[in-house]
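Comments concern the structure below.
Per chain, numbering begins at 1; letters A, B, ... match sequence-line order.
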2 protein chains.
Amino acid sequence: MKTGSATPRRAALSRELILRRALEMIDEAGVDALSVRRLATDLGVFPTALYYYLPTRDAVLRGVVETVLDEMDLAGASAGDWRERVKALCRALRQVGHAHPRLFPYLVSYPETTAQEYRIYEGLYRALEETGMPPARIVHAGNLIFSYATGFTLAEVNATIGPPTPAEADQMSALPAADFPATHRLAGEIRGLDLDTSFEAGMDAILIGLAAVVTTPVEPRREAGGDTGPERQAAGKDVERLSDPGREP
Amino acid sequence: MKTGSATPRRAALSRELILRRALEMIDEAGVDALSVRRLATDLGVFPTALYYYLPTRDAVLRGVVETVLDEMDLAGASAGDWRERVKALCRALRQVGHAHPRLFPYLVSYPETTAQEYRIYEGLYRALEETGMPPARIVHAGNLIFSYATGFTLAEVNATIGPPTPAEADQMSALPAADFPATHRLAGEIRGLDLDTSFEAGMDAILIGLAAVVTTPVEPRREAGGDTGPERQAAGKDVERLSDPGREP
DNA sequence: ACCTGAACACCGTTCAAGT
DNA sequence: ACCTGAACACCGTTCAAGT
């Protein structure tokens with residue numbers, strides 16, 4: 001390392017540094033607030049200096065998206081049975097939204113397929129192959145799971161779902177009772193909504209639905225007792241913890 | 001109507017006209033391409049004239065989003081059993097994406113809850129109440145369904161899912177076989193993917209999953225024959241048409 | 001009430017120039 | 001190789017003025 005004296009009053013410019021600062025700015029102020037000029041000022045250079053490393057503002061955004069996706073933690077996705085691996089992938093996607101809520105809407109609307117996306121789908125496909133589903137169904141199931149995880153997280157970071165703010169709660173109360181009876185009946189539950197629970201419940205429902213239509217590989221499973229009537233035991237207070245539907249008749 | 005002679009060389013300006021043109025411009029060129037100045041030029045007025053009707057560019061976008069949502073066709077959502085009503089709501093959401101693919105990413109990322117969203121959720125809640133689910137589960141199920149429908153459609157308009165373009169197909173073929181075995185095994189299915197089928201399959205899987213965990217109201221159902229082994233009949237060629245899993249043991 | 005017109009502070013990007 | 005510096009065509013928005 002022969003980088004001489006001349007203490008640099010700022011860190012040396014680089015693609016990585018630019019992308020890192022860009023992500024920080026987006027996290028703080030949103031994608032709209034990211035401008036080439038603000039970014040350059042922040043880095044202590046002239047706006048046009050950035051064009052040496054990245055050709056356009058869009059390229060900066062693309063770089064940021066890829067950086068975030070590449071740092072996704074896919075570790076849990078290779079351990080456990082297929083259900084746990086699918087869940088791990090969904091949770092990893094949701095974590096990205098939590099880590100970078102202001103980037104997430106842009107990230108999920110990003111058209112190009114990145115390498116990381118292929119890895120996510122590969123993980124999904126491998127898990128789903130274990131169920132014995134026919135190939136067509138695996139592809140559909142992959143789309144279902146991916147759509148759910150991104151859609152839920154997007155709604156979450158946009159506060160489209162989730163416990164209402166006081167203002168939204170007032171808005172809800174103001175809905176005419178004649179037109180919105182069900183909403184009013186459920187108002188209490190909506191106010192107390194826990195998003196972690198809701199996300200998990202959705203995944204569980206999906207996995208049950210998927211398992212119900214294929215030859216599930218036989219898992220070690222508990223003795224199913226005298227479960228003979230049309231009444232199903234799952235419809236009780238323990239529904240939050242969904243059980244494996246693959247029990248024999 | 002006493003609007004005098006003086007043939008106006010352009011239509012009278014109004015909030016509605018501005019929003020209509022704005023939507024057309026977005027449909028043609030995307031949200032980024034919508035500028036107050038372009039819009040004004042297109043309408044034959046000075047840029048600042050628009051500020052008489054709408055206070056900011058964001059207000060224009062908000063108005064466009066609300067217009068599109070309000071024109072959503074929720075007709076089918078009040079006919080049929082709960083499954084058909086849920087499906088009708090999902091299909092209506094997807095239709096919005098198909099009608100305005102370039103607006104859709106912005107629309108689903110729009111933070112404020114609109115009146116139409118409350119109507120969609122009311123429709124979902126009413127349908128789900130029929131299943132006899134406990135209230136907490138209804139709210140979770142609503143989130144699941146809404147997340148899936150928006151997530152799938154978003155992925156669709158962004159071409160994140162769907163049959164790959166020739167370029168993407170090449171990209172896929174280039175993935176190292178050692179790291180992406182499942183993707184390669186499924187390459188044929190992915191190339192031939194039909195998005196309508198996939199969307200319907202996802203909804204069906206969700207509805208089966210939801211129905212499996214509650215006391216389902218007894219529907220007329222066919223006699224289940226000698227279905228006694230661990231092999232399940234659903235795992236065959238007829239899986240595309242998902243069947244009701246609520247058959248007795 | 002409805003639109004013009006000038007002005008301000010921003011923006012992405014290009015191109016030539018410096019070292 | 002890496003950054004400056006001037007310039008261009010855009011942008012949203014404000015504010016005063018016209019009719």
Measure [atom1]/[X] against [atom2]/[N] and give the value in whole Å, please.
X: L17(A); N: dC2(D); atom1: CG; atom2: C1'; result: 14 Å
X: F46(A); N: dG18(C); atom1: CZ; atom2: P; result: 15 Å
X: L54(B); N: dC3(C); atom1: CG; atom2: C1'; result: 15 Å
X: L39(A); N: dT13(C); atom1: CG; atom2: C1'; result: 15 Å
X: L61(A); N: dT13(C); atom1: CG; atom2: P; result: 10 Å
X: Y52(A); N: dG5(D); atom1: OH; atom2: C1'; result: 18 Å
X: L50(A); N: dC11(C); atom1: CG; atom2: C1'; result: 14 Å
X: L34(A); N: dT13(C); atom1: CG; atom2: P; result: 11 Å

Identify whether any heavy atom of Y51(B) sits under 4.0 Å from a base atom; if not, whether one sits that close to sugar-phosphate; answer base, sugar-phosphate or nothing.
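It contacts base atoms.
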
Using a cut-off of 4.0 Å on non-hydrogen atoms, how would the nucleic acid contact of R57(A) be classed: base, sugar-phosphate, or nothing?
sugar-phosphate

SB check R91(A) E200(A) (cutoff 4.0 Å):
yes

Between E24(A) and R20(A), does any NZ, NE, NH1 or NH2 come within less than 4.0 Å of an OD or OE carboxylate oxygen?
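So R20(A) does not pair with E24(A) through a salt bridge.
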
Which residue lies more 5' along DNA chain D, comparing P55(B) with Y53(A) via nearest heavy atoms:
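In this pair, the answer is Y53(A).
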
Nearest 0.5 Å please: distance from the CZ atom of F146(B) over to the CG atom of L124(B).
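Result: 8.5 Å between the selected atoms.
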
Look at the aromatic rings of F180(B) and Y118(A) and report parallel, tilted or perpendicular, splitting at 30° and 60°.
perpendicular

Let's see if you can work this out: which of dA7(D), dC11(D), dC3(C) has an atom nearest to the side-chain heavy atoms of R38(B)?
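So the nucleotide nearest the side chain must be dC11(D).
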
According to a strict under-4.0 Å criterion, is T48(A) in side-chain N/O contact with OP1 or OP2 of dT4(D)?
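For dT4(D), OP1/OP2 do not have a side-chain N/O of T48(A) under 4.0 Å.
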
Heavy-atom side-chain contact between L19(A) and L54(A) under 4.5 Å:
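Side chain of L19(A) against side chain of L54(A), heavy atoms only: contact under 4.5 Å found.
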
Pairing partner of dC15(D), by Watson-Crick or G-U wobble and under 3.5 Å for both distances, is dG5(C)

